[in-house]
Amino acid sequence: MRPGRASCSPARARVIGSPQPGPRGVLPPKTKFSPRPLQGRRLLLLSAPRVPLAGPGSGRANSRRRCGAARFQAVAGCPLPGRAMKVEFAPLNIPLARRLQTAAVFQWVLSFLLLAEVCIGILLILVIYNYWFLYIPYLTWLYFDWRTPEEGGRRSNWVRSWTVWRYFNDYFPIHLIKTGDLDPSHNYIFGFHPHGVLVAGAFGNFCTNYSDFTKLFPGFTAYLHILPIWFRCPLFREYLMSSGPVSVSKKSLSHVLSNEGGGNISIIVLGGAEESLDAHPGNFTLFIRQRKGFVKIALTHGADLVPVFSFGENELFKQVSNPEGSWLRAVQEKLQKVMGFALPLFHARGIFQYSFGLMPYRKPIHTVVGHPIPVKQTLNPTSEQIEELHRTYMEELKKLFEEHKGKYGIPENETLVFK
């Protein structure tokens, strides 16, 4: 037998209420004084605890005793360490407002995960069952409308004002903080950090009418730029554009920032899909060192750069451990290169319990907008100019994080990690 692998003997126990065998295995005769057998459940009693042995062979004997006690715990119904997960259910007397907040976030998560697939399935059903009078007009209109996500989109103030978004913002809740004034006669690029798993802070602040954006930045229109692949899903693209997002393509950015009267803000989640794979609680890794396209766009259009950090964004979900170099991370990065978006294996809480599920945790999100970095328009910027402005942006972003991290519970020793 290998060292440290002592065999376990059955725990010594007596069963009260059951007849015990005699010396030769013969049960004693029943009398009127015999105890009545217990119905349904047996009570197990361990023999009195013993003092650990000392001397040669004592380690193996003590190991057997510990194993016997562990087996007794399993038989008696006591949870063993690391063997069971405690499920914490939500109380029944939760206020209606909080229930509505949970429902609002639940439909948002489902929309993010499944609505695009459902819309594609609906269109396929229309084609398979030859509802030509429905799908032919829509596909014809889609052909002529294909470039709309690159030309400012098609937002609906009615959709952005749905009551469901008020409950969505109140669930976390989401806060927008301004540190400096912006000139409405200029255009700006907001660099949003970090990406998180589902970018809840960017959506709640810039794609609904229930944040403080219009109050803090009067005279401005915000455009959240997202991956172009989402606008290639028929039907889903219409619902998505109604909240205000537009494509993150170069043509789309140029369209927003070319407004001569100013007042437009392009919000770019600079870390992209790659950064979502590092969106673990307590992690502050940002993928920005190789992201320089937004700097060139800013120089070309003379749009001032504004760093934005959303404190609490990475605290909403947990992920399956995927350190760099692991097989899971390799698969995720491969899929991200093929499909264009990442697949983080995230989890958090459920609807009626707090132990597991795909609902985000109720963690406050504080999106802090930093001071603008002046940018002089340069139609043909050199690589040196791009590098210099990029370095200035990273310094201002780090300064913004250091100035505000203490207000939102981040330890003093934590700092940003740029990749």
Side-chain angles (χ1 to χ4, degrees), residues 84-115 118 156-178 192 194-216 222 224 239-240 242-245 269 276 279-283 308-320 344-369 404-405 407-410:
M85 180 182 68
K86 180 181 178 182
V87 178
E88 183 183 359
F89 289 95
L92 296 177
N93 59 344
I94 288 181
L96 177 61
R98 289 178 67 87
R99 294 291 190 190
L100 294 176
Q101 292 167 10
T102 302
V105 175
F106 179 66
Q107 67 83 24
W108 178 75
V109 173
L110 284 185
S111 299
F112 188 89
L113 297 178
L114 299 176
L115 188 56
V118 171
S156 168
N157 193 57
W158 175 67
V159 174
R160 290 168 60 93
S161 299
W162 283 353
T163 305
V164 67
W165 304 130
R166 174 166 64 87
Y167 288 112
F168 172 87
N169 280 17
D170 292 342
Y171 173 90
F172 300 97
I174 298 175
H175 305 279
L176 186 65
I177 297 95
K178 181 179 73 170
F192 188 92
H195 183 286
V197 174
L198 299 182
V199 208
F203 179 85
N205 280 311
F206 306 116
C207 295
T208 73
N209 289 341
Y210 291 99
S211 72
D212 292 331
F213 177 81
T214 55
K215 182 175 69 175
L216 297 177
L224 179 62
Y239 174 71
L240 187 60
S242 64
S243 296
V269 186
S276 67
H280 296 271
N283 189 21
V308 178
F309 196 91
S310 192
F311 293 90
E313 194 77 39
N314 282 352
E315 310 301 317
L316 304 182
F317 296 95
K318 295 179 181 177
Q319 284 195 56
V320 177
L345 300 181
F346 62 92
H347 59 92
R349 52 158 289 185
I351 301 177
F352 301 110
Q353 45 76 29
Y354 305 133
S355 301
F356 59 90
L358 297 179
M359 287 282 295
Y361 293 116
R362 282 183 181 266
K363 301 282 187 177
I365 300 175
H366 295 89
T367 304
V368 182
V369 181
H404 296 273
K405 66 180 181 181
K407 302 176 185 177
Y408 307 114
I410 299 176

[atom1]/[X] to [atom2]/[Y] distance, rounded to the nearest 0.5 angstrom?
| X | Y | atom1 | atom2 | answer |
| --- | --- | --- | --- | --- |
| Asn169 | Asn205 | CG | CG | 7.0 Å |
| Leu358 | Leu113 | CG | CG | 6.5 Å |
| Phe112 | Leu198 | CZ | CG | 5.0 Å |
| Ile174 | Thr367 | CD1 | OG1 | 7.0 Å |
| Glu88 | Arg349 | CD | CZ | 9.5 Å |
| Leu176 | His366 | CG | NE2 | 11.0 Å |

Report yes if some heavy atom in the side chain of [X] is under 4.5 Å from a heavy atom in the side chain of [Y]; otherwise report no.
| X | Y | answer |
| --- | --- | --- |
| Leu316 | Tyr361 | no |
| Glu315 | Ile365 | no |
| Asn157 | Asn209 | yes |
| Ile177 | Phe311 | no |
| Phe317 | Pro281 | no |
| Val87 | Phe356 | yes |
| Tyr171 | Pro360 | yes |
| His404 | Phe309 | no |

Non-hydrogen atoms of [X] and [Y] that approach each other most closely:
| X | Y | result |
| --- | --- | --- |
| Ser276 | His195 | CB-ND1, 3.6 Å |
| Arg362 | Thr102 | NH2-OG1, 3.3 Å |
| Ile94 | Tyr354 | CD1-OH, 3.6 Å |
| Ser310 | Gly201 | OG-CA, 4.4 Å |
| Phe213 | Ala222 | CZ-CB, 3.6 Å |
| Gln319 | Val197 | NE2-CG2, 4.2 Å |

As a quick check of understanding, evaluate side chain to side chain contact (heavy atoms under 4.5 Å, CB included) for Phe192 and Leu224, giving each step before the final call.
CA-CA 10 Å; Phe192 188 92; Leu224 179 62; over 6 Å; no
Are any side-chain N or O atoms of Trp165 and backbone N or O atoms of Val159, one a donor and one an acceptor, separated by less than 3.5 Å?
yes
Would you say the side-chain atoms of Tyr210 pair up with the backbone N or O of Ser161, donor to acceptor, closer than 3.5 Å?
yes
Mind checking whether Trp162 and Trp158 have parallel, tilted or perpendicular rings, split at 30° and 60°?
perpendicular
Take the angle between the ring planes of Trp108 and Phe203 and call it parallel below 30°, perpendicular above 60°, tilted in between.
tilted
List the steps, then state whether side chain to side chain contact (heavy atoms under 4.5 Å, CB included) holds for Met359 with Phe106.
CA-CA 6 Å; Met359 287 282 295; Phe106 179 66; 3.7 Å; yes
Is the number of heavy atoms from other residues, nucleotides or ligands within 6.0 Å of NZ (Lys178) greater than 12?
yes
Is it the case that atom CZ in Arg99 sees more than 12 heavy atoms from other parts of the structure closer than 6.0 Å?
yes
